[in-house]
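This one's a predicted model, so the numbers in the text were calculated from it and none came from an experiment.
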Amino acid sequence: MTSRGGDDDKKRSVSSSSGVPMTTFEDDYADDSTATRRLQVAPALMQPPGYQEPSPQLFIPTTPKKSRNIFPEPSPKIPPKGWDMKDVPGLPEFYPLERTACFVPNIPRNEAMIVANRVSNVVREMSIDATYDNIKAKAKCMTPENVDFRVRLYRGRNQYNHGIIVEVQRRFGFSINFHSQTMAILDSAEGKKPSIPPSVVGLPEISDSDDEYDMSLPSSSLAFVSKMLKHPAYDAHALGLKTLSSLTNPVKMGMTTARKISTAFLEPGNDVGIKVMALVQDDSMDPDETFGLRLMAMTALSNGIQALSGDIDESLWNEIRPIFIKILRNAPDNPQLAYLAARSLEFHIQRDPDPGELRVILREAKAVGESCHADLRREAGLCLTKVDSR
């Protein structure tokens with residue numbers, strides 16, 4: 001009789017019904033972290049023609065490896081952003097309506113949300129950042145081109161008391177797209193199918209082959225922008241940043257000009273680049289007081305990175321990455337800023353040091369985009385695809 005710890009106990013034979021040994025199992029405990037069993041196969045009594053004897057030793061892991069989940073985790077769900085009200089206030093007496101207004105007839109008082117939902121849905125599809133006031137039936141909106149405007153809903157008076165008036169008021173800024181955006185809001189309010197304008201509309205371009213490029217353009221253009229940014233007035237800052245955003249946009253200026261301007265202002269030590277970075281980092285700015293200067297600066301920075309396809313100085317990437325991560329974390333507060341941050345990070349994903357952090361943040365940003373900002377939803381989804389493909 002042998003002890004349980006002896007060598008004979010390690011080897012245990014399994015016999016067939018005829019008493020002939022078939023297989024032998026041998027436990028191998030040389031490495032406790034990866035315990036395996038060794039399977040030894042005895043020769044068969046009768047082998048058919050063409051039979052090949054199996055390998056004498058097969059190693060079978062006792063603890064299978066954890067399989068990788070190839071299915072991406074779903075994004076958290078956020079309710080669609082919009083109004084939540086039962087009725088709208090009446091139109092004040094002697095109130096001068098804007099020409100950009102429409103009347104939606106036959107809307108009972110308890111069904112005002114029909115028109116409100118139409119407006120909020122088309123605003124979301126056009127990636128317009130909006131804050132909704134349920135008491136005043138008002139939406140404070142900012143387009144991707146930094147045009148500040150309001151949408152107001154009123155109950156009609158007298159012979160018009162059976163419907164709702166929708167009014168669009170521009171407050172600040174200008175964009176070629178704004179008229180089309182206004183018409184889309186009014187058409188949607190009336191129940192028509194809106195014509196959604198493209199995100200960016202450029203001016204007619206001159207091909208690079210036909211355009212004799214002025215090598216002094218980057219320095220002279222940036223000198224004008226620098227002069228505007230040094231002026232104490234807000235309007236001058238807004239003009240300088242709008243100019244820089246246009247100069248770095250290939251759709252508006254062509255790829256040659258956009259790349260030259262972007263290369264110049266994103267060089268380390270450039271005074272325009274330093275001012276733009278300071279505005280992007282300053283999250284304490286009041287957007288009402290500064291006409292969205294931080295958003296304009298972020299637009300110029302994102303355009304520059306896009307024009308250069310992300311080919312910028314590595315020290316600049318290290319400086320702006322935590323800024324973009326913070327902006328994405330605060331996507332519910334400013335979806336347009338988050339969209340621009342994701343649009344810029346897209347070029348750095350393949351060499352980002354922490355893809356796991358990006359994955360979590362981008363899922364949350366995508367959920368915000370599904371709630372209120374179509375461009376953020378699409379861009380965050382594109383970035384998530386690149387993260388998951390690493």
Side-chain angles (χ1 to χ4, degrees), residues 68-78 80-81 124-129 142-146 196 198-200 245 248-251 255 258-259 262 266 276-277 280-281 283 294-390:
R68 180 184 175 188
N69 182 15
I70 62 174
F71 299 101
E73 297 179 9
S75 301
K77 295 297 182 182
I78 300 178
K81 192 175 181 181
R124 178 170 58 252
E125 286 303 312
M126 291 189 293
S127 300
I128 294 175
D129 189 15
M142 178 73 75
T143 72
E145 298 84 13
N146 305 313
I196 306 296
S199 299
V200 180
S245 297
T248 54
N249 190 338
V251 177
M255 183 56 72
R259 289 183 64 87
S262 301
L266 290 177
V276 168
M277 288 297 300
V280 170
Q281 295 182 58
D283 56 0
R294 188 186 185 208
L295 182 58
M296 295 182 190
M298 186 67 181
T299 303
L301 177 60
S302 179
N303 285 349
I305 294 173
Q306 284 275 323
L308 298 176
S309 300
D311 186 15
I312 62 176
D313 190 83
E314 193 65 26
S315 61
L316 180 58
W317 269 123
N318 296 333
E319 181 181 356
I320 62 179
R321 183 190 184 277
I323 300 173
F324 290 163
I325 294 297
K326 185 177 181 180
I327 290 174
L328 284 169
R329 290 186 188 277
N330 297 327
D333 297 333
N334 198 321
Q336 180 64 18
L337 270 180
Y339 157 69
L340 294 172
R343 182 170 172 254
S344 303
L345 279 175
E346 176 188 349
F347 297 97
H348 198 252
I349 287 177
Q350 296 301 325
R351 60 181 189 270
D352 191 86
D354 193 349
E357 180 187 30
L358 284 183
R359 184 179 290 107
V360 173
I361 295 173
L362 288 169
R363 284 198 184 112
E364 296 173 353
K366 183 181 178 182
V368 174
E370 291 172 349
S371 168
C372 61
H373 200 283
D375 283 346
L376 175 58
R377 180 195 70 221
R378 287 188 289 265
E379 191 62 41
L382 177 62
C383 291
L384 276 172
T385 302
K386 292 189 174 184
V387 170
D388 293 334
S389 65
R390 286 189 51 169

Handout entry: Whether Thr143 side chain and Glu145 backbone form a donor-acceptor pair below 3.5 Å
Key = yes

Problem - Leu295 and Leu340: CA distance, side-chain angles, deciding distance, side-chain contact (heavy atoms from CB on, under 4.5 Å) verdict - result: CA-CA 9 Å; Leu295 182 58; Leu340 294 172; 3.9 Å; yes

Exercise for the section: Could you tell me which non-hydrogen atom of Ser127 sits nearest to which non-hydrogen atom of His373, and how far apart they are? Expected result: O-NE2, 3.1 Å

Handout entry: CZ-CG distance between Phe324 and Leu301, expressed to the nearest 0.5 angstrom
Key = 4.5 Å

Exercise for the section: Taking Arg377 for its side chain and Lys366 for its backbone only, find out whether a donor-acceptor pair lies under 3.5 Å. Expected result: no

Exercise for the section: For residues Ile305 and Ile320, determine if any side-chain heavy atom of one lies less than 4.5 Å from a side-chain heavy atom of the other. Expected result: yes

Handout entry: Pairwise side-chain contact, Asn334 with Asn330, heavy-atom cut-off 4.5 Å (strictly under)
Key = no

Practice task
Taking Asn303 for its side chain and Ser245 for its backbone only, find out whether a donor-acceptor pair lies under 3.5 Å.
Solution key: yes

Problem - Flag for Ser344-Ser302: side-chain donor and acceptor within less than 3.5 Å - result: yes

Problem - Which atom of Ala258 lies closest to which atom of Ser262, heavy atoms considered - result: O-OG, 2.7 Å

Exercise for the section: Check whether any side-chain heavy atom of Ile323 sits under 4.5 Å from a side-chain heavy atom of Met277, and report yes or no. Expected result: yes

Practice task
Find out whether Glu314 and Asn318 are in side-chain contact, i.e. whether some heavy atom of one side chain is under 4.5 Å from a heavy atom of the other.
Solution key: yes

Practice task
List the atom of Thr248, the atom of Ala307, and the distance in Å for their closest heavy-atom pair.
Solution key: O-CB, 4.0 Å

Problem - Polar side-chain atom of Arg390 near backbone of Asp352 as donor-acceptor pair, under 3.5 Å - result: yes

Problem - Minimum side-chain heavy-atom gap Leu345-Leu362 below 4.5 Å - result: no

Problem - Distance (rounded to the nearest 0.5 Å) between Met255 CE and Asn249 CG - result: 9.5 Å

Exercise for the section: Report the distance from atom CE of Met296 to atom OG1 of Thr299, rounding to the nearest 0.5 Å. Expected result: 8.5 Å

Handout entry: Any side-chain heavy-atom pair of Ser389 and Gln350 under 4.5 Å
Key = yes

Completion exercise
Closest non-hydrogen contact found for Gly304 with Leu266 is C-CD1, 3.9 Å

Practice task
State, with a plain yes or no, whether a side-chain heavy atom of Leu358 is found less than 4.5 Å away from one of Leu384.
Solution key: no

Handout entry: Heavy-atom pair with the smallest gap, counting every atom of Ala341 and Leu328
Key = CB-CG, 4.2 Å

Practice task
Please confirm whether the backbone N or O of Met142 pairs with a side-chain atom of Asn146, one donor and one acceptor, at under 3.5 Å?
Solution key: no

Handout entry: Rounded distance (nearest 0.5 Å) linking atom CD1 of Ile327 with atom OH of Tyr339
Key = 14.0 Å

Handout entry: Electrostatic pair Arg343:Asp375 at N-O distance under 4.0 angstrom
Key = no

Problem - Closest heavy-atom pair and its distance - Ala331, Ala338 - result: CB-CB, 3.6 Å

Handout entry: Side-chain (Ser371) to main-chain (Ala367) donor-acceptor, under 3.5 angstrom
Key = no

Practice task
I would like to know whether Glu319 and Asp313 meet side-chain contact (heavy atoms from CB on, under 4.5 Å); could you show each step before the answer?
Solution key: CA-CA 10 Å; Glu319 181 181 356; Asp313 190 83; over 6 Å; no

Handout entry: Reported SG-to-CG distance for the pair Cys383 and Asp388, which is rounded to 0.5 angstrom
Key = 11.0 Å

